[in-house]
Amino acid sequence: QSDIERRVADLLADRLRERGCPTVIADSTARNERSLLISLGVAPRHAELQRICRDAGVASPTEHDPGPEGFLLLDVPVTGVRHVVAAAVDDRGALYAAGALLRTVVVRGGHVRLPDSLAIRTAPAFEMRGTHVSQGHTMRELTGSRAWTQHEWRHELIDYALAGANTFERSRSEEHTSELQS
């Protein structure tokens, strides 16, 4: 697993915990019948992801299908556990797969719920996808809101990245954005 894949997996686990998922276990041997197993990674780098896709009768995602930055989310049958494959074409596809999965799951009462059937194969339609992220002085003044913390800035930008944005514009007056590059 690459450093980026590990960081995306950690981000996915953190966001699931934020939503109330009581435990996220990286060790697949610790699973039980209530577990959700997620196999996340860049498919061309992982023979196991390619094997799971092949066994499910689904082509592994490629640069041609669904395309660059694309991914496949697939619910595959495994005895006694819910197993979701998040197979990406490339590193950005892994991030976007995690975002799509987060938009799909519902956490209630400490349990992760997914649709009965999950099969999403997609890639961004446009090469450049972005937004302007700002918490301007006028907005804060009119609403009486406080300035965001560095953590809140980072969280917001990552939300946009999970949703597929790959370019960001920021106001020069924003205090914490220069520290978000890491």
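- From Leu73, atom CG reaches atom OG1 of Thr104 across 6.5 Å, with rounding to the nearest 0.5 Å.
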Got a list of side-chain donor-acceptor pairs under 3.5 Å for residues 118-126, not counting sequence neighbours?
unit_1	atom_1	unit_2	atom_2	d
Arg121	NE	Asp65	OD1	3.3
Arg121	NH1	Ala59	O	2.9
Arg121	NH2	Ala59	O	3.0
Arg121	NH2	Ser60	O	3.3
Arg121	NH2	Asp65	O	3.3

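- Interatomic distance, CD1 of Ile4 versus CG of Leu11, reported as 12.5 Å (0.5 Å rounding).
- Here the shortest heavy-atom pairing between Gln50 and Pro44 reads NE2-CA, 3.3 Å.
- Under a 4.0 Å N-O distance rule, the pair Arg17/Asp14 qualifies as a salt bridge.
- Minimum heavy-atom separation, Asp75 to His83: OD1-O, 3.1 Å.
- Using a cut-off of 4.0 Å between Lys/Arg side-chain N and Asp/Glu carboxylate O, Arg6 and Asp10 are scored as not salt-bridged.
- Here the closest non-hydrogen pair linking Ala86 and Ala97 is CB-CB, 4.1 Å.
- Within 6.0 Å of atom CZ in Arg103, more than 12 heavy atoms from other residues, nucleotides or ligands are found, so the atom counts as buried in its surroundings.
- Nearest heavy-atom pair, Leu72 versus Cys53, reported as atom, atom and distance to 0.1 Å: CD2-SG, 3.7 Å.
- Contacts of Arg45 classified as side-chain contact (heavy atoms from CB on, under 4.5 Å), with partners at least two apart in sequence or in another chain: Ser2, Glu5, Val42, Asp91.
- Separation of atoms CH2 (Trp148) and CZ (Arg140) is listed at 10.0 Å; rounding is to 0.5 Å.
- Of all non-hydrogen atoms in Ala98 and Val8, the two that sit nearest each other are CB-CG1, 3.8 Å.
- To the nearest 0.5 angstrom, Leu40 atom CG is 7.0 Å from Gln1 atom CD.
- Across all their heavy atoms, Ser39 and Ile52 have their closest contact at OG-CD1, 4.2 Å.
- Counting only residues at least two apart or in different chains, salt bridge (Lys or Arg N to Asp or Glu O under 4.0 Å) contacts with residues 159-168 comprise Arg15-Asp159.
- A donor-acceptor pair is defined here as one N or O able to donate and one able to accept, closer than 3.5 Å; no such pair exists between the side chain of Arg19 and the backbone of Val107.
- When each of Glu156, Arg154, His155 is tested with Ile158 by the rule side-chain contact (heavy atoms from CB on, under 4.5 Å), just one qualifies, namely Arg154.
- Distance check: Asp90 CG to Thr62 OG1 gives 11.0 Å after rounding to the nearest 0.5 Å.
- Using a distance-only test at 3.5 Å, with no hydrogens or angles considered, no donor-acceptor pair links the side chain of Glu69 to the main chain of Val89.
- Annotation: the span from Tyr96 atom OH to Phe71 atom CZ amounts to 10.5 Å, rounded to 0.5 Å.
- With Asn166 contributing its side chain and Met128 its backbone, the two residues share no donor-acceptor pair below 3.5 Å.
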